[in-house]
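One structure is given here, and the rest of the page talks about it.
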Amino acid sequence: MLQLPAQVHTALSRLSAAGFEAYVVGGCVRDLLMGRTPGDYDVTTGALPEETAAVFASERVIETGKKHGTVTVLLDGMPLEITTFRVDGAYADARHPDAVTFTRSLREDLARRDFTMNALAWSPAAGLVDPFGGEADIRAQTIRCVGAPDARFREDALRIARCLRFSAVLGFGVEPATAAAARANRALLRRVSAERVSEELKKLVCGGDVRRVMLTETDILGEVLPELLPMCGFDQRNKHHIYDVLEHCAAACETVPAEPDLRLAALLHDVGKPDCFFTDADGVGHFYGHAQRGAEMVEPMLRRLRFDNESRERITELVRRHDMRIEPTEKGVLRALRRFGPEFFFQLLALKRADALAHAPGPNTDERVERCAALDALGRALLARQACFSLRDLAVNGRDLLDAGMAPGPAVGQALDALLDAVTDGAVENEKAALLAYWAAQTP
Ligand code: ATP
Ligand code: MG
């Protein structure tokens, strides 16, 4: 017996009372069998979209993707997608089926699904419906295509990206024939829209097993992230490094908290290294300017992958600043908080820490990690006592300066900046009268 939310139960029983087969299906069944909490619940049914809409006529029904057989029903505040059993037609473009046909057969619907672990359905009446051995594959932690892997990846190359993503997120291995077909058809990934690939990539990097997948499937990922390829096997010729550039970045990626921007920044932080490499007279490798070079590479890369502006700018800036030295003093941290804002500041620290930990163990690494901990503690203490590090926190604003007799114009902004500098540097208290007195004293 699977534990389903009440609304999902209601949907299944109302369809079945109206004489239609209805099941929960796909990822939610997989997750429930694995003891994971499903992100959402999908219902599949023998009812045609109009029939589904009629069964839920008393509820809010949104005909989201009627052409594909999907009706969204709002049950007690929960939007639930109910999709008619369907068979996909031929695929001409390695991504979209040319036509969709409805069927009254659950088995046909399950057969079109990508992996055995996702081709599972369950209902209170029928129990688990598992025609392709998905439950056994979940138990064996294996990703296996439904049907002939080569044909399935050619039909829809997004499945190649999904395969790697599930491997990283669930920690599953890939069955050999499925793995071989994914590799053989990897070039088709370039025909999948950048948005869809990026969605998979963001989930992949947040997986607990991202490091393994990055290192074992580099050739597949290289189709959409060709910048990774020169990093692979690139010997750093430096005693502080035990890894090649890609191994180092994959290790850092796995160490930062599982947020897509931070994970991607860690994965790409040294992407500029191969371009900047040189060896000194002693044969030791150096990479001067690699952070800036990396930022110059990451920016167009994320444009190509159609990341939103905010993520693109954040990831690029994290790569650009990953080597920046921040003084572990109150003044140094206040300046960094002022320049970057708290959110970015703590993300940068997480990246710097993970970068340090992905080096050879030893006093050098320990010292870098400790410095990050000290910066983090300083930053938290400053935030806790609501230290002033932005114009918003300053106890005077432009209005106050105008009231004190300053003429309107760009000089007002400059004066506020100068006052914030003075507060950050400890030259004056962040208090209105003190600030106005300080300002008056500085003004001829
Ligand atoms: P999650 O929601 O955790 O990302 P999921 O398996 O539920 O994983 P969805 O994208 O929500 O993935 O898709 C729901 C179901 O639809 C899948 O479990 C699978 O059965 C089927 N499916 C999704 N995408 C494809 C595809 N590209 N090819 C074949 N079947 C697919
Ligand atoms: Mg899902």
Side-chain angles (χ1 to χ4, degrees), residues 2 4-5 8 23-45 64-65 68-70 72 78-91 93-98 100-101 103 106-122 128-135 137-138 142-172 178 181-182 185 188-189 191-193 195-209 258 260:
L2 296 186
L4 300 175
V8 181
Y23 305 83
V24 279
V25 69
C28 65
V29 181
R30 176 199 70 222
D31 288 341
L32 289 169
L33 289 178
M34 291 179 69
R36 297 168 61 102
T37 308
D40 49 21
Y41 292 82
D42 294 312
V43 170
T44 188
T45 179
T64 13
H68 293 105
T70 302
T72 302
M78 183 196 224
L80 196 60
E81 290 200 348
I82 303 178
T83 305
T84 304
F85 298 156
R86 51 173 238 227
V87 190
D88 296 337
Y91 289 71
D93 64 350
R95 179 65 197 109
H96 300 99
D98 299 338
V100 185
T101 321
T103 162
L106 170 64
R107 196 197 146 94
E108 283 182 347
D109 180 275
L110 293 177
R112 74 171 168 90
R113 294 174 183 268
D114 49 4
F115 305 113
T116 59
M117 63 181 183
N118 291 341
L120 296 168
W122 185 90
L128 187 67
V129 183
D130 177 17
F132 305 104
E135 192 185 20
D137 281 335
I138 290 173
T142 298
I143 301 170
R144 180 196 311 270
C145 282
V146 173
D150 197 66
R152 301 312 310 281
F153 287 135
R154 281 176 198 241
E155 259 172 22
D156 179 1
L158 182 67
R159 292 172 188 154
I160 299 172
R162 285 172 59 85
C163 178
L164 301 196
R165 184 256 287 193
F166 285 124
S167 182
V169 171
L170 304 176
F172 283 16
T178 298
N185 290 296
L188 291 176
L189 254 188
R191 291 166 58 179
V192 178
S193 83
E195 289 84 351
R196 302 301 295 266
V197 169
S198 299
E199 285 315 304
E200 293 303 324
L201 196 59
K202 287 178 205 167
K203 293 181 185 169
L204 190 166
V205 292
C206 289
D209 257 4

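As the structure is a computational prediction, the values presented were derived from the model and not from experiment. Both counts, for ligands and for their atoms, begin at 1 and track the order of listing.
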Got a donor-acceptor contact below 3.5 angstrom from the [X] side chain to the [Y] backbone?
{"X": "R152", "Y": "V146", "answer": "yes"}
{"X": "T178", "Y": "C145", "answer": "yes"}
{"X": "T72", "Y": "E81", "answer": "no"}

Enumerate the atoms of ligand 1 whose separation from the nearest heavy atom of [X] is less than 4.0 angstrom.
{"X": "K203", "value": "4 (O)"}
{"X": "D156", "value": "26 (C), 27 (N), 28 (N)"}
{"X": "G26", "value": "18 (O)"}
{"X": "R159", "value": "26 (C), 27 (N), 28 (N), 29 (C)"}

Side chains of [X] and [Y]: closer than 4.5 Å at any heavy-atom pair?
{"X": "D209", "Y": "S167", "result": "no"}
{"X": "V192", "Y": "E200", "result": "no"}
{"X": "L110", "Y": "V25", "result": "yes"}

Quick one: do D114 and R159 make a salt bridge, cutoff under 4.0 Å? no
Answer with yes or no whether the side chains of T70 and T83 bring together a donor and an acceptor at under 3.5 Å. yes
among protein heavy atoms, the one nearest atom 29 (C) of ligand 1 is D114 N, 3.2 Å
Protein heavy-atom partner closest to atom 2 (O) of ligand 1 - residue, atom, separation in Å: D40 OD1, 4.1 Å
Contact with ligand 1 for F166, non-hydrogen, under 4.0 angstrom: yes
Per atom 16 (O) of ligand 1, closest listed option by heavy atom (R113, E155, R196): R113
The one among R162, R112, E200 that brings a heavy atom closest to atom 25 (C) of ligand 1: R162
May I ask you to check if ligand 1 and [X] share an N or O to N or O distance below 3.5 Å?
{"X": "R165", "answer": "yes"}
{"X": "R30", "answer": "yes"}
{"X": "G27", "answer": "yes"}
{"X": "D42", "answer": "no"}

Could you report the tightest heavy-atom contact between A181 and D150, atom names first, then the distance? CB-N, 3.7 Å
